Chemist: 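Could you have a look at this structure, given as structure tokens, before my questions?
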There are 2 protein chains.
Amino acid sequence: MNSRSAMRLARLQEALSRGGTIHLSEAARLCGVSEMTIRRDVVASEGTMTLLGGRLVMADNPQYAPAYNLDEQRDSHYLAKQRLCQCAEAFIEDGDTLFVDCGTTLMPLVSSLAGDKTLTVVTYALNVANAVSRLPHVRLVLLGGLYHSSSQSFGSDDMAGAIQRLGINKAFISAAGVHVERGVSCFHFHEVAPKRAAIEAAGKRILVADDSKFGVIRPAYFAQLDEFDVVVTNGGVGERLSRRPSDDTTLPRIMVA
Amino acid sequence: MNSRSAMRLARLQEALSRGGTIHLSEAARLCGVSEMTIRRDVVASEGTMTLLGGRLVMADNPQYAPAYNLDEQRDSHYLAKQRLCQCAEAFIEDGDTLFVDCGTTLMPLVSSLAGDKTLTVVTYALNVANAVSRLPHVRLVLLGGLYHSSSQSFGSDDMAGAIQRLGINKAFISAAGVHVERGVSCFHFHEVAPKRAAIEAAGKRILVADDSKFGVIRPAYFAQLDEFDVVVTNGGVGERLSRRPSDDTTLPRIMVA
DNA sequence: CACAAAATGTTAGAAATATAACACTTGATG
DNA sequence: CATCAAGTGTTATATTTCTAACATTTTGTG
């Protein structure tokens, strides 16, 4: 991706940040380039924007994403996450202050936070913040710092302290690796502090991870599995874990989506 | 509108109620009719659904803020802001750590930060952060806190302290009101702390405000005009201010875009 | 400045979508 | 039962969008 291309994309993204679409011809005029260049920019955007009938739309705008509830086989990963989040949603109650972890796993959860509850979402992820900022009925607290594009999240020295000062009620944690003996891990070390602080501060800790994460180990450990109250997962892993002997208390409650 | 047509629409709207799009062919298969019939249903739906590139989308999802109006943005001094920012850009040098204020005025500035400089952008505005996060060559520090949708920015108790701890080099400040005697003001009180802290911390303070802001007074004062090193503006106001006597040192340097 | 590489613009053709016209089916009604 | 009208399907055509190829411009470098 070119620097000018990135500039144009940033401008167009700004224009689309509150939703809606822009026709190729408008975008081209706005940026002072040809429609073909905008097309190439969209390809270079690596999925942050897409074209739909000659109009630019933000890829993370669920209004314009393909509806997966029809052809369930199409994108199993996305669908799995959606089911996981539908399952996790059951824990959300009126008045909750939720910690929402970074990554894409929990995006369906925040995109569909119901309007009939009074909720506060605490996050250190830019994509989560953007989704929540579009929900006028949900209070948003973003924990800032230096931006890490790899995980679309922020990191700072005082992240743990900031989380402790907030009255976090329930923590929804995601992970890149979950191993029953070795614990729960993620890719980036700057995620460890906020994850740990949220796990320690929250009254209820909910780990949301699809079956592809199980048995996997990533560089940055941040918790043992028994530190969670609930694990929401799916597929064969979930079935296997949930069939453990009932007197086994080393594992949290397993929910299979 | 037909009763069968209404039933099909209800069914499709249900499928789309969580967001997403359905291709005409899928919708036709789902309802057991031809694509042409779905097209006619959409026309009969009186705007509740529209077609976009052969896909059905809900016309306006109330979950989202009203669709961005490109023309309104352009008419509302968009071109002036672009010129102002082109002018302000001249102050940016390699290695700078820039504070960028909230609002729409400075968006063209951050969208076009050149790739040949090593830059850090500090901001408390979500729209600014989004634009900068798309530029891989610019370091981004976001000052978090509670989100205020009115200004797309964050506010917190320790905002001023956090800014002081950063080595901010140049501050680009925007304003909703600029009055030569009464000072510079904005709409929202939570913006005062970060603006003031940035003005006090930065080596160079640049106020960017188009002519429509001059002579206007807004609820929250945050600075006197002489606290700035440069004022970038345009139009008649700029001409008038810049023609002041050269021995008048009560005003900063005026740049007319 | 010359050169190469990258980015952008232009054009033409392919594919998909939109529109219009007309034929067929269905169901209500006298 | 005949008839009509509304609804639907089919076909053809127009329009738009997409893709690929090539020409041109800009940018970076020695």
Side-chain angles (χ1 to χ4, degrees), chain A residues 1-13 15-16 20-59 61 63-67 70-71 74, chain B residues 1-13 16 20-59 70 82 86 89-90 92-94 111-119 134-138:
Chain A
M1 160 135 52
N2 170 347
S3 153
R4 303 209 169 195
S5 170
M7 282 159 50
R8 288 192 296 268
L9 279 170
R11 175 176 298 176
L12 294 171
Q13 188 192 29
L16 292 171
T21 67
I22 301 180
H23 195 272
L24 265 180
S25 57
E26 291 178 274
R29 185 173 49 74
L30 194 70
C31 298
V33 294
S34 70
E35 297 188 13
M36 196 62 218
T37 298
I38 303 289
R39 282 183 187 279
R40 288 192 262 244
D41 287 348
V42 171
V43 175
S45 79
E46 293 171 3
T48 58
M49 287 179 156
T50 55
L51 278 169
L52 189 52
R55 301 193 142 260
L56 283 162
V57 306
M58 294 293 287
N61 185 335
Q63 183 176 358
Y64 297 107
L70 301 174
D71 271 341
R74 179 120 23 109
Chain B
M1 161 119 61
N2 180 347
S3 140
R4 303 202 171 193
S5 169
M7 283 166 58
R8 286 191 298 267
L9 277 172
R11 184 170 188 182
L12 294 171
Q13 278 168 5
L16 293 173
T21 66
I22 303 178
H23 196 273
L24 267 180
S25 57
E26 292 178 273
R29 188 171 46 75
L30 197 70
C31 298
V33 294
S34 71
E35 296 189 13
M36 195 63 218
T37 298
I38 302 290
R39 283 183 185 279
R40 288 192 263 243
D41 287 348
V42 171
V43 175
S45 79
E46 293 171 1
T48 58
M49 295 178 130
T50 55
L51 277 170
L52 192 51
R55 302 191 141 262
L56 284 161
V57 305
M58 296 289 278
L70 207 58
Q82 207 160 329
Q86 244 170 352
E89 205 178 339
I92 299 174
E93 292 167 308
D94 189 48
S111 303
S112 62
L113 284 173
D116 57 354
K117 302 193 189 88
T118 302
L119 295 173
R134 294 250 55 84
L135 304 175
H137 51 277
V138 180

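So that the names make sense, note that chain A is the first sequence line, chain B the second, and so on, each numbered from 1. What you see is a predicted model; the values in this text were computed from it and never measured. Note that these values count all heavy atoms, side chains included, but never hydrogens, waters or copies made by symmetry.
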Chemist: Provide, to the nearest angstrom, the distance between the CG atom belonging to A:Leu9 and the P atom belonging to C:dT8.
Modeler: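 Rounded to whole Å, this separation is 11 Å.
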Chemist: When you measure from the side chain of B:Asp94 to the backbone N and O of B:Thr118, does any donor-acceptor pair fall under 3.5 Å?
Modeler: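 Yes.
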Chemist: Report yes if a side-chain nitrogen or oxygen of B:Ser34 is closer than 4.0 Å to either non-bridging phosphate oxygen (OP1 or OP2) of D:dG9; otherwise report no.
Modeler: yes
Chemist: If you count every heavy atom of other residues, nucleotides or ligands that lies below 6.0 Å from A:Arg4 atom CZ, does the total exceed 12?
Modeler: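 No, the 6.0 Å shell around CZ holds no more than 12 heavy atoms from other groups.
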Chemist: D:dT27, OP1 or OP2 - any side-chain N/O from A:Arg4 closer than 4.0 Å?
Modeler: yes
Chemist: Measure from CD1 on B:Ile38 to C1' on D:dG7 and round the result to the nearest Å.
Modeler: 13 Å
Chemist: Please determine if a side-chain N or O atom of A:Thr37 lies less than 4.0 Å away from the OP1 or OP2 oxygen of C:dG9.
Modeler: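 Yes, A:Thr37 has a side-chain N/O under 4.0 Å of OP1/OP2 on C:dG9.
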Chemist: To the nearest angstrom, how far is A:Leu56 atom CG from D:dT17 atom C1'?
Modeler: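 Result: 13 Å.
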Chemist: Does C:dA7 have OP1 or OP2 under 4.0 Å away from a side-chain N or O of A:Arg39?
Modeler: no
Chemist: Find the distance between CG (B:Leu52) and CZ (B:Arg55) and round it off to the nearest 0.5 Å.
Modeler: 10.0 Å
Chemist: Heavy atoms only, 4.0 Å cut-off, all strands: where does A:Arg55 land among base, sugar-phosphate and nothing?
Modeler: nothing
Chemist: In whole Å, what is the span from the CG atom of A:Leu24 to the P atom of D:dT19?
Modeler: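 It is 11 Å, rounded to the nearest whole Å.
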Chemist: Nearest whole Å is fine: how far is C:dA20 P from B:Glu35 CD?
Modeler: 18 Å
Chemist: Quick check for you: to the nearest 0.5 Å, what is the distance between A:Leu16 atom CG and A:Ile22 atom CD1?
Modeler: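 Here the interatomic distance stands at 4.0 Å.
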Chemist: From CZ of B:Arg40 over to C1' of C:dT17, roughly how many Å is that when rounded to an integer?
Modeler: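 Nearest whole value for this atom pair: 16 Å.
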Chemist: For the side chain of A:Met36, counting heavy atoms from C-beta on, which of C:dT8, C:dT10, C:dA21 is nearest?
Modeler: C:dT10
Chemist: Just the rounded figure in Å: distance from C1' of C:dA18 to NE2 of B:His23.
Modeler: 12 Å
